[in-house]
Amino acid sequence: MTGVPLSAYLVLALVLFCIGLYGALTKRNAVIVLISIELMLNAANINLVAFSKLGVTPSITGQVFSLFTITIAAAEAAVGLAILMSLYRNRKTVNVDEMDIMKH
Amino acid sequence: MDWNTMLSYNWGAMMPEFIILGTAMILSILDLFWPKHFNRRKLAWLALTGIILACLSLISLLSFESVSILSDTFRLDSFAKAFKLLLLFGAGLIILLAESYEPQEGLHEHRGEFYYLFLTALLGAMIMSSSGDLITLFVGLELLSLSSYILVGIRKHDLKSNEASMKYVINGGISTAITLFGMSYLYGVTGSVNLAEMSRTMAALTDGQLQYIMGLAFFMVFVGLSFKIAAAPFHMWAPDVYEGAPTPVVAFLSVISKIAGFVIILRIFLSLFQTASGDVFGALDFLEKNNIYIASLAGLTIIIGNVIALRQQNLKRLFAYSSIAHAGYLLVAVATLGGGYFLMDTVWYYLLAYVLMNIGVFAVIQLLSSQSGSDDISILAGLGKKSPYLAIAFTVFILSLAGIPGTTGFIGKLNIFLGTFITEPGHFVLAGIMIAGTIVSYVYYFGLLVQVFFRPFHSDKVIKIRSGLYTVLIICVIGTIIFGVAPNLAFDFIHDQFGDFTDFISSK
Amino acid sequence: MMENAWLIPIFPLVTFLVLLLSGGRLRERGAYIGIICTLASFILSLLVLMERFKEPTYKITIDWLSIGGTQLKAGFEINQLNALMLVIVSLVSLLVQLYSKGYMKGEERFSTFYAYLGFFTFAMLGLVMAPNLLQLYFFWELVGVGSFLLIGFYYYKQEAKNAAKKAFIMTRIGDVGLLVGIILLFWGTGSFEYGEIFQAVQSGVISNEGLTLIAILIFIGAVGKSGQFPLHSWLPDAMEGPTPVSALIHAATMVAAGVYLVATMFPLFLASSAAMQVVAITGGFTAIFAASIALVQKDVKRVLAYSTVSQLGFMMLALGTAGYVAGVFHLMTHAFFKALLFLAAGSVIHAIHTQDIEKMGGLWGKLNWTGPLFLTGTLAISGFPLLSGFFSKDEILMAAWENGNYLLFALAVITSFLTAFYMFRLFFMIFTGESRSQVKQVKESPSIMLLPMLVLAFLAVISGYVQTPWFGTFLGEWLMEGNETLLGGNSHSEGPVWIMVMAVLVSLAGIFLAYMIYAKKKLPRSWLVQENNEFYRVLDNKYYIDEIYHFTVGYAIKGLSLFLSYIERFIVGGVVSTVTISIEGLGKIGSKLQTGQVQRYGMIAFLGLAVLLVIFAVTGGYLR
Amino acid sequence: MNVYLLSLLVFSPLLGIVMVALMPKKEERTIKQFGFFGTLPPLFLSFFLCSQYYSGVALSLFDIKVNWIRFGNLEVYDPKLFTVNFELGLDGLSLIFILLTTIISSLAAIASIYIKQEWKGYYLLFLILEIGMLGVFTAENLILFFIFFEMTLIPAFFLIGRWGFLEREKASYSFLIYNGIGSAVLLVVILILFARTGTTNIAALTQMMTMGGVSLFAPISGSMKYGLCLAFLIAFAVKLPVFPFHSWMVRVHAEAPPSIVMIHAGVLLKIGAYGIIRFGMGIFPEQYKSLAFTVVLFGVLSFLYGAFLALVQTDFKLVLAYSSISHMGIVMMGLGALNEAGIQGAIFQVISHGLIAALLFFLVGVLYERTGTTMLPKLGGLAKSMPVFSGFMLACGMASLGLPGMSGFISEFMVFLGLFKSQPTLAAVGVIGLILTAVYILRAVMLMTFGKTNSLVEKEKWDLKGLEFVPALVLLGLIISVGVYPNLLGGPLQGTIEAMMLALGGR
Amino acid sequence: MTLSGELIAFFGLALVAILGGVLLITLTKVVHMVIALVFTFLSIAGIYLLLSAEFVAVVQILIYSGAITIVMLFGIMLTKHQESDEPAKGGWGKITLLLAIAGFAVAVYLGIYNLDIPVQPATLHEENTKQIGIELFSKYVIPFEVMSVLLLVALVGAIVLAKKDDEEGDQS
């Protein structure tokens with residue numbers, strides 16, 4: 001059975017990770033930043049699932065791990081958004097680069 | 001898996017966690033149902049009771065052989081016991097701090113939430129310290145992180161608090177992602193998430209490529225986790241978050257969260273990388289071969305923490321940098337692995353010292369800043385005249401942080417140095433950086449003392465100390481001095497109870 | 001008696017302590033304590049001297065300082081030379097203290113003055129009695145301090161202050177040389193004790209060059225103390241002190257210590273002909289050099305001071321030409337007549353309150369006692385026949401002649417001419433001609449001042465007879481007794497008779513010339529040189545020695561100090577501030593990076609990761 | 001009893017601490033009295049020890065050793081490994097330093113009458129400082145030594161920074177940082193030794209470093225020994241201080257309250273010399289020997305450098321500060337001479353300078369109290385208004401420039417005696433300093449006491465009085481007694497020096 | 001490498017996923033960005049299917065493409081976003097970031113581009129959900145329970161932070 005090689009999935013994950021990272025570090029809108037972080041977590045999930053099937057000793061554990069990850073990511077997104085809400089209520093902005101009253 | 005197998009596990013070993021969890025639940029329910037006018041401050045005592053009970057149950061567990069539940073997802077080994085003790089001790093002190101926390105604006109309407117979020121965070125940290133399973137560790141880490149994100153932002157009408165938590169969550173998310181990415185590779189290389197199994201696989205690894213990936217994973221996990229301990233390169237959030245967060249939360253972040261960070265780093269690294277083969281011949285250990293990286297990061301952390309602290313005018317920021325520096329000192333121990341003889345007791349002792357002195361300092365800061373409504377270092381001015389005992393307590397903490405003999409901080413540093421020098425070749429450069437950093441730290445630490453003793457005070461408001469804070473101060477002062485003068489109280493305890501932490505990895 | 005000789009210096013020390021602790025409450029009564037104590041010392045010294053005529057050298061020591069296995073000793077020794085010196089010192093000191101009772105009358109810090117005198121006497125006696133070089137050095141410096149205190153007695157006078165400082169520092173330079181010499185000698189011979197040193201030197205454990213070096217270093221000490229060229233210039237300045245002090249310290253005792261030192265260490269010098277040469281040349285040069293300056297000075301005490309320098313040069317010359325006895329002999333006679341001269345000069349000053357000889361004159365009749373006394377001293381120093389100076393100077397000329405160094409001999413002869421000339425210039429300027437003084441009522445000094453002068457005058461006249469070509473060379477024989485080989489010299493130098501004749505003629509010529517110019521005024525004062533002449537100016541300014549020092553050594557030290565303080569500020573301080581600035585700069589950069597931009601934070605963290613990974617990839621060596 | 005005597009001595013100032021601490025803040029007189037009384041127990045105990053020594057009791061009887069800290073869990077190898085004991089001990093050398101400490105502390109406590117505020121804090125810190133100093137000189141292992149060493153640092157920091165003159169904070173910082181660096185270097189050396197040998201006991205280390213012992217861990221290589229020795233020297237050179245590490249000390253001398261400078265110049269600086277003798281020379285004799293030239297070189301440099309700079313200062317305190325540098329140069333020269341004379345001279349110089357500097361700074365305190373200045377151009381003619389003071393000043397100046405009959409001479413003489421044997425060239429350069437010393441001391445002292453009376457200092461009845469005579473007379477008396485009969489001090493030292501010479505391999 | 005259907009599917013999905021990511025970066029309107037990312041999430045779900053992780057794929061679709069995206073959109077709406085997200089002009093910063101990402105990517109790529117472990121037969125796709133369930137409730141009970149606490153925390157936290165306080169409501 002010639003499937004897609006492991007490396008292909010890994011490279012895909014890597015690319016998505018990098019994109020997510022770039023997004024998280026450059027986008028001004030905090031929502032996008034949060035969602036970019038989700039993308040990074042997703043990239044990790046791809047790794048986990050790929051290793052789960054094509055790794056050294058295939059096992060279901062990777063998939064279980066990824067389920068945990070997805071849940072955590074969701075929770076994190078929720079908390080992140082909640083924080084953003086309270087911030088927005090006080091500051092009326094969602095731009096991360098305007099959050100700099102504390103520095104140096 | 002049937003119910004009987006379930007019952008066959010020694011759940012008693014998880015008693016402390018259950019107690020904390022239960023307390024958190026009770027608190028949340030009480031908070032929900034108690035009338036609004038009810039002073040939520042009283043919940044603190046309940047939380048404290050929970051922590052004390054957990055502590056007591058943990059102490060009763062000390063004599064147990066190491067217990068493993070559900071293929072290591074929970075392990076009560078000596079490592080876990082030792083560090084959970086620290087965590088619970090620190091948490092108890094911080095709860096007392098929080099009880100006395102009276103900011104000029106903010107917390108009152110969410111005091112209840114504060115306590116149980118605090119307990120869940122603590123639970124996360126405890127899970128992190130007693131699991132031998134990557135998934136559980138990760139979940140514990142996230143439980144801690146999520147709880148602390150919320151804690152940081154809990155003064156939600158405070159601009160700084162909002163901003164701090166936003167920064168914290170963004171940086172935390174990125175760090176989580178990086179950590180997870182690294183963990184996914186670790187899983188890939190070993191095909192398991194059980195640390196013991198992984199360790200065996202990794203030790204037997206001879207393929208260069210897999211070793212390389214292992215290395216990549218190592219760095220990702222390390223950098224990701226360095227977020228938790230606020231070490232370079234992932235330290236920059238700390239000053240801003242510390243500045244914005246409520247003081248007890250800062251104490252929490254700088255103490256509990258940091259301990260938890262070290263716990264997980266040690267867990268993972270000692271389980272996995274210390275025995276992992278460092279080259280294709282399996283002749284070298286991975287950490288042995290690559291400790292230069294951790295060492296450089298440790299050095300960098302020390303330098304950054306101390307040098308930038310020099311310029312700080314805000315107390316919380318200053319202590320943020322100071323805590324960065326201390327993370328650096330501890331990383332030195334990690335990087336050198338305590339020279340092979342001094343790792344665990346060094347880290348444990350130093351963290352104990354750090355708990356005492358840092359919580360003490362934050363107690364003083366909390367007291368002063370909530371009275372003056374400012375965090376500027378000038379609020380310390382004239383403390384020596386106004387309240388000499390408070391000033392002396394503060395001095396003790398500062399001296400300990402600076403590593404002056406007679407305090408725990410000194411013995412802690414001494415232990416770290418022993419580890420750096422005992423091997424051949426010794427880590428002289430690292431030790432040099434550490435010592436230079438210590439000297440630079442004198443400048444800002446003693447700058448604070450200059451404020452305390454040499455400067456006149458501007459307001460002669462009488463300083464009122466709540467009993468909780470009072471207790472914290474007394475415990476911290478006494479601890480700092482006692483463990484500094486007679487460190488063997490701690491050393492003997494840890495050696496008698498935990499020996500050399502030999503049951504660290506071996507699974508049943 | 002000799003075993004109790006240690007009491008001799010103790011008496012003056014008691015004076016010092018008592019007067020110091022009494023804190024000025026004794027006022028002029030302090031003088032009695034001083035005088036009584038010194039008298040006790042003097043009597044004891046005399047007794048010791050008497051006893052020493054009969055008995056051999058007495059020496060006793062105790063352990064003073066242990067250095068490892070080496071024990072350094074302290075104690076005292078009574079040999080011929082220091083028995084003699086004890087008497088001279090205690091006598092002169094006694095006389096000066098008597099004199100001061102009158103001279104210092106009315107002085108506010110009268111008892112302090114006596115305390116200082118006591119201290120000085122103690123130190124000088126201690127120096128003389130020292131059984132070893134270390135102890136000698138010990139008192140040597142104390143003597144310097146005594147001198148310093150006395151010169152600076154009028155502390156509020158700027159000149160006194162400077163003179164005291166200068167005296168201390170210039171002698172200190174010599175002292176350091178001496179110290180180094182002593183130390184080297186110790187390492188060469190393993191001892192500080194005279195006897196052991198001389199034995200070791202004789203047995204030749206030290207190389208010739210080493211000996212020369214050591215001898216010269218020791219001689220430097222003597223040069224400093226005895227005001228020899230080039231360390232002479234403090235001595236004339238020291239005349240800022242009270243006049244009795246000049247008589248005691250800067251004529252009779254301390255300055256003679258240098259000569260005493262060379263005499264004591266004579267065997268060492270003898271072992272190195274080069275060192276002897278240096279001593280002789282320095283002495284000879286100093287003699288004529290100082291005499292020439294004395295020719296034109298207008299301050300009576302300065303003339304006497306330069307005369308002292310010149311006479312000390314004479315003594316050095318004598319020692320340098322192996323005239324051990326001659327040197328010591330002249331030391332003794334000079335002590336008497338120079339002390340006399342100073343006291344007499346003091347008496348004059350006391351009478352008319354000036355030291356400028358241009359403002360004196362015509363005092364012969366008015367100061368009935370002082371005049372003749374001064375004349376006695378002047379004659380003695382000029383080498384007028386049958387006075388003490390005549391005999392001792394004659395010995396020196398003989399020694400120089402015998403040594404065969406004719407140039408030095410010539411220098412000595414010329415010097416004795418000059419001596420006679422300037423001394424009589426002084427005498428005539430003060431006592432003859434008409435009065436140029438503002439003080440109309442000139443009063444003779446009280447008898448308490450005259451008595452010491454009389455004693456000294458008596459001694460100045462007769463003390464030469466202990467060593468004459470005609471009545472025997474008692475002094476020389478006694479000094480040499482038991483030490484002939486060591487001292488290597490004769491008890492008496494033989495020379496052609498014409499030397500003595502010539503010496504007499506030369507000094508008479510000097511007197512005559514002075515008479516013609518200053519008394520009879522037959523010759524104009526510009527007969528020799530014009531006042532505005534270059535040569536005259538050079539002499540008047542003492543060969544510009546002070547200026548040269550000021551512009552060379554003084555400026556060099558000051559310059560170096562300033563240079564070093566720049567180093568202190570800019571280099572030592574600079575390094576420190578560079579470090580602090582760079583650390584602070586680092587902190588500044590670090591905190592600049594902390595922009596408050598959360599994405600920046602994440603970016604830096606990630607950058608750190610990337611760098612680590614890249615380095616790992618490049619150096620890890622895992623991938624081939 | 002004997003066993004506890006030393007601990008009793010070291011911690012006896014605690015009595016005073018408790019007494020002072022119990023006093024209400026405002027009780028100026030009582031606090032001052034109690035503060036002074038607090039220094040008496042150690043004084044008497046040290047006298048007692050001294051009398052015991054002179055009556056022939058072996059000093060080793062007083063040693064005490066109690067297990068204290070055990071690092072690591074290495075019992076499997078050897079239970080004694082990485083154990084730090086609380087061990088105090090005495091030998092002739094430390095006995096002398098102890099005496100110096102107790103005497104000067106008591107006198108400085110008297111001199112503290114000029115402290116104007118916050119007496120309570122002052123005396124508390126003062127007494128803690130004394131504990132630290134006493135501990136330093138009795139500690140038998142390096143860690144203990146270091147702990148006491150740092151224990152002197154912190155109180156001194158506060159004493160300087162709180163009660164000093166105008167620029168006090170800067171001075172205290174400077175003090176802290178330089179000494180911090182010095183002690184950091186020291187700590188590194190101590191810990192390297194500790195980590196590599198598992199012990200910090202001085203005797204055991206000496207044994208191991210000279211004879212070579214079996215090390216369980218990584219051994220200490222030859223070149224590392226050089227490094228460690230050098231680091232010891234540097235650490236203590238900062239404390240001493242030696243050019244170019246001196247600038248902190250100048251500030252401290254200028255800015256600290258005079259009574260603290262008495263302690264500082266009198267005892268604290270001496271820890272540097274003590275350390276070099278004990279550790280640099282004691283533990284690494286071989287290496288020290290080959291570094292001796294450098295030691296002497298820096299000694300000569302400091303000697304001359306300090307002297308030249310003292311020449312141009314206008315503040316008397318600065319003159320004294322540079323003079324201290326210069327005098328500490330002599331110590332280094334002696335220590336580098338590597339023979340009995342030199343080392344003994346160095347120790348003498350340490351003691352002697354301790355006494356002289358203490359006296360000088362006591363006088364500075366008196367002067368400042370009366371005139372409010374120590375600037376030389378503003379002073380002059382003090383001999384008129386304060387003749388006794390001037391007398392002491394002059395005597396002290398003379399002592400400082402090494403006048404025979406005073407302690408300074410003995411030490412300088414022995415140092416040069418030793419140095420001319422081993423390093424004649426450097427010694428010859430060094431003697432220039434003797435002249436310069438005379439020049440700057442006389443310049444400064446005479447500018448103050450001689451000359452025309454300055455309007456600032458005209459007031460009569462300003463002279464020393466009452467209690468002020470005690471420190472002045474005691475110190476001058478000691479200076480002179482040592483100067484007149486040096487064997488007083490030389491006796492106890494012989495044993496230590498002999499042992500040292502043996503280790504250095506003969507002379 | 002033969003071109004199998006699986007491969008084509010992979011390439012297609014990968015392309016969409018990456019495209020979504022790229023669009024996330026390049027688009028200017030915030031809502032568009034989120035929508036673009038939905039495609040990515042969906043295609044990742046597809047990838048999971050290819051990896052015989054059906055359950056995970058479903059969860060992915062439900063949570064990411066569904067829940068999270070919608071929550072995010074709500075977030076955007078609630079915060080009255082500026083329509084467009086103009087990236088700040090941070091020239092050097094961005095270049096450094098790109099360099100760092102490039103370095104990171106290359107370093108990791110070197111490790112994985114040819115990492116092909118011999119495939120061992122695994123039966124993950126058979127009763128995938130059951131396998132997961134068994135695993136979850138036998139081995140991973142504890143993390144699962146901790147997870148529940150975590151979700152509770154998130155819930156409480158979200159309420160605490162996002163809730164409009166009464167008094168504030170009155171003010172506004």
Side-chain angles (χ1 to χ4, degrees), chain C residues 555-624, chain E residues 18 20-34 36-37 40 68 71-72 75-76 78-118 154 157-158 161-162:
Chain C
Y555 273 26
I557 288 179
K558 198 163 277 177
L560 203 54
S561 291
L562 288 176
F563 172 68
L564 287 176
S565 44
Y566 280 111
I567 286 192
E568 171 86 354
R569 192 175 318 159
F570 296 112
I571 297 193
V572 176
V575 169
V576 173
S577 48
T578 312
V579 171
T580 42
I581 286 171
S582 54
I583 287 179
E584 274 170 9
L586 218 60
K588 212 175 201 168
I589 293 171
S591 74
K592 275 267 161 59
L593 279 177
Q594 195 85 23
T595 50
Q597 296 286 347
V598 60
Q599 286 167 322
R600 170 71 70 86
Y601 301 172
M603 194 180 106
I604 285 179
F606 182 71
L607 188 66
L609 175 62
V611 169
L612 285 177
L613 284 186
V614 169
I615 294 174
F616 178 71
V618 173
T619 63
Y622 290 97
L623 294 172
R624 285 155 304 260
Chain E
I18 293 173
V22 172
L23 282 175
L24 169 81
I25 291 165
T26 49
L27 285 176
T28 50
K29 291 216 165 155
V30 176
V31 181
H32 296 177
M33 293 181 193
V34 178
L37 215 54
T40 308
I68 292 184
V71 168
M72 290 294 173
I76 292 168
L78 281 174
T79 54
K80 298 172 195 154
H81 69 285
Q82 288 97 329
E83 280 285 296
S84 56
D85 181 283
E86 286 298 322
K89 291 167 294 226
W92 282 110
K94 203 161 277 181
I95 290 170
T96 322
L97 178 62
L98 282 173
L99 276 178
I101 288 179
F104 173 80
V106 168
V108 178
Y109 181 76
L110 285 177
I112 57 175
Y113 76 100
N114 59 355
L115 180 76
D116 285 316
I117 298 156
L161 292 172

Taking atom CG of Leu24(E) and atom OG1 of Thr40(E), what is their separation to the nearest 0.5 Å? 7.5 Å

For Gly596(C), is there any backbone N or O sitting under 3.5 Å from a side-chain donor or acceptor partner on Tyr601(C)? yes

To the nearest 0.5 Å, atom CD of Glu584(C) lies from atom OG of Ser577(C) at 10.5 Å

Side chain / backbone / both / neither for Val106(E) at chain C, heavy atoms under 4.5 Å: neither

Would a 4.5 Å heavy-atom cut-off, applied to side chains only, mark Leu23(E) and His32(E) as touching? no

Is it the side chain or the backbone of Ile101(E) that comes within 4.5 Å of chain C heavy atoms, both, or neither? both

What part of Leu613(C) is in contact with chain E, defined as an atom under 4.5 angstrom from a non-hydrogen atom: side chain, backbone, both or neither? both

